[in-house]
Amino acid sequence: MTIYHFVGIKGSGMSALAQVLHDMNFDVQGSDVEKRFFTQLALEKSGIKILPFQKENIKPGMTIIAGNAFPDTHEEIQEAMKLGLPIIRYHRFLGDFMQNFTSVAVTGAHGKTSTTGLLAHVIKGAKPTSFLIGDGTGKGEEGSKYFVFEACEYRRHFLSYFPDYAIMTNIDFDHPDYFANIDDVFSAFQEMAVQVKKGIFAYGDDEQLQKIQAKVPVLFYGFGEENDYQAKNLVKSTSGTTFDVFIRNTFYDTFTIPTFGEHSVLNALAVIGVCHYEEIDVSIVKEQLITFQGVKRRFSEKSIGSQILIDDYAHHPTEIKATIDAANQKYPDREIVAVFQPHTFSRTQAFLEDFAKSLRLADKTYLCEIFGSARENHGKLTIKDLQTKIEGAEIISEETTSMLEKHKDSVIIFMGAGDIQKFQESYENQLTL
């Protein structure tokens with residue numbers, strides 16, 4: 001039996017796929033840079049071997065799964081070519097793998113990870129389900145009927161997939177280093193829509209998604225009257241949200257979720273739609289929704305002293321607004337402090353005004369230096385350009401996180417897609433000194 005060797009196993013999609021294959025009793029190992037990533041823990045718990053990059057890792061008889069970030073000139077890929085081994089890019093492998101199941105792709109500019117995690121949790125209450133989430137979590141169940149996975153639009157990678165169903169959470173302009181504008185983003189989703197085999201569940205209050213055309217039924221969900229699946233009568237509390245669901249204007253049932261913000265209701269509504277279409281017992285859906293624990297780096301909370309610290313992946317203005325709204329729902333009487341690290345110079349430049357507008361929703365904002373990606377590590381822009389647009393904003397570094405101590409009884413949200421966690425770690429270490 002072949003050994004699947006992952007080049008770049010610490011990538012969030014790669015580590016999740018490695019776990020799925022490992023759970024299904026395939027022989028899995030991988031390599032990456034020495035730096036520690038949050039995805040490593042699950043790989044280590046599974047006993048999956050992680051090696052430092054070197055061409056000696058590549059042996060005859062292996063199948064190479066290559067991360068999208070690594071070019072064909074990478075030493076391990078070069079060695080695999082020399083040995084004549086099969087080399088499959090991550091998204092191609094995933095596209096073939098999912099054909100063994102009833103597959104549900106979750107895509108959209110925002111909300112993919114949370115919705116994928118929620119859908120996997122709800123469906124597995126009814127039938128064996130394997131899943132792959134963009135937070136680095138993956139689970140393979142032998143005998144799975146369903147495969148739920150996150151499908152990313154970046155560089156049109158999701159066009160490698162031909163899923164049975166797709167959830168489309170929204171279309172928004174992001175990844176300005178690749179997409180030209182909102183029309184370019186729409187065209188990618190339109191191409192994806194044509195590849196779906198059974199049905200699409202699209203957020204109907206999104207004017208871009210209303211234009212989606214497909215060969216299969218497109219079912220809309222949202223708050224507006226014209227949606228096939230409509231959420232009404234929202235009751236928000238500090239412990240979660242309860243809402244009624246109407247299907248084509250007929251009352252279906254009342255659901256409760258332990259999460260916050262209107263975006264959480266929409267994520268749940270998409271999941272309810274898929275389960276209704278697949279005829280999954282509504283009592284199972286209700287039960288599973290209540291027990292969902294959330295996904296990594298999405299509103300992940302801990303209490304330290306009188307403060308609540310939240311780690312969140314929000315890195316686009318729309319996501320920042322949703323995260324601050326959720327914090328205000330759960331903690332209406334506390335000061336909300338945002339600690340934000342912009343991710344990539346191109347995104348910061350493209351959304352400078354929008355970032356400022358979203359961050360002004362917090363009571364106080366601290367800004368970290370811009371995190372360049374592997375694709376770009378410098379730019380003309382600096383963090384001061386954003387600071388000048390937010391009244392009272394201060395710049396914070398790993399060495400100066402102690403300034404957060406003055407916010408007694410507050411909720412401090414560490415937001416970003418780079419290495420914002422190191423600021424939270426530094427602050428937590430400071431508090432325990």
Side-chain angles (χ1 to χ4, degrees), residues 1-101 103 105 116 120 124 128-152 155 157-158 160-163 296 374:
M1 193 161 103
T2 189
I3 293 174
Y4 286 103
H5 177 85
F6 284 70
V7 178
I9 196 166
K10 294 181 191 178
S12 52
M14 291 279 279
S15 62
L17 180 59
Q19 290 166 62
V20 171
L21 294 183
H22 171 79
D23 291 344
M24 292 181 160
N25 293 320
F26 291 99
D27 212 338
V28 175
Q29 66 171 49
S31 55
D32 215 312
V33 293
E34 300 275 8
K35 184 182 170 187
R36 191 159 181 87
F37 285 87
F38 73 94
T39 52
Q40 250 170 282
L41 191 59
L43 293 168
E44 288 163 358
K45 273 188 183 161
S46 297
I48 294 169
K49 195 194 296 179
I50 307 172
L51 304 157
F53 280 139
Q54 53 178 3
K55 66 179 195 298
E56 289 73 21
N57 294 334
I58 308 301
K59 306 273 191 329
M62 287 181 170
T63 297
I64 309 303
I65 300 177
N68 299 329
F70 301 95
D72 288 350
T73 51
H74 188 277
E75 59 177 322
E76 291 194 356
I77 299 176
Q78 287 283 302
E79 184 66 15
M81 286 174 172
K82 229 184 264 178
L83 294 174
L85 304 179
I87 302 163
I88 312 160
R89 286 285 168 189
Y90 162 79
H91 50 287
R92 294 262 172 246
F93 184 91
L94 191 54
D96 292 340
F97 178 73
M98 71 181 61
Q99 300 307 321
N100 304 311
F101 313 92
S103 56
T116 308
K124 77 175 188 213
T129 302
S130 296
F131 59 86
L132 185 151
I133 309 180
D135 68 352
T137 311
K139 181 94 183 82
E141 289 284 350
E142 288 193 78
S144 283
K145 178 180 178 190
Y146 292 98
F147 181 64
V148 173
F149 69 102
E150 184 170 334
C152 185
R155 295 196 176 277
H157 286 319
F158 62 7
S160 298
Y161 311 140
F162 292 79
K296 281 185 220 155

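Count residues from 1 along the sequence.
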- Summary of ring pair (Phe, Tyr, Trp, His ring centres under 6.0 Å) pairs that have at least one residue in residues 52-71, sequence neighbours excluded: Phe53-Phe70, Phe53-His74, Phe70-His74
Heavy-atom closest pair, residues [X] and [Y]:
X	Y	value
Ile50	Lys10	CG2-CE, 3.9 Å
Met1	Asp27	CE-N, 3.7 Å
Ile9	Ala18	CD1-CB, 3.9 Å
Asp32	Gly11	OD2-N, 4.0 Å
Val7	Met14	O-CE, 3.1 Å
Ala80	Ile64	CB-CG1, 3.6 Å

Exam field: side chain [X] to backbone [Y], donor-acceptor pair closer than 3.5 Å:
X	Y	value
Thr63	Tyr4	no
Ser31	Pro52	no
Gln40	Phe37	yes
His22	Ser46	yes

Euclidean distance, [Y] [atom2] relative to [X] [atom1], rounded to 0.5 Å:
X	Y	atom1	atom2	result
Leu83	Gln78	CG	CD	11.5 Å
Phe101	Lys145	CZ	NZ	13.0 Å
Asn68	Arg92	CG	CZ	10.0 Å
Ile133	Glu150	CD1	CD	8.0 Å
Ile58	Glu79	CD1	CD	7.5 Å
Glu76	Glu56	CD	CD	9.0 Å

- Is the His91 ring parallel, tilted or perpendicular to the His157 ring (thresholds 30°, 60°)? tilted
- Charged N to carboxylate O below 4.0 Å: is that the case for Arg89 and Asp72? yes
Are side-chain heavy atoms of [X] and [Y] found at a separation under 4.5 Å?
X	Y	answer
Phe26	Thr2	no
His5	Lys59	no
Leu43	Gln19	yes
Phe97	Leu21	yes
Met98	Phe162	no

- NZ of Lys55: more than 12 outside heavy atoms within 6.0 angstrom? no
- Candidate pair Met24 and Ser130, rule side chain to side chain contact (heavy atoms under 4.5 Å, CB included), full reasoning: CA-CA 10 Å; Met24 292 181 160; Ser130 296; 3.3 Å; yes
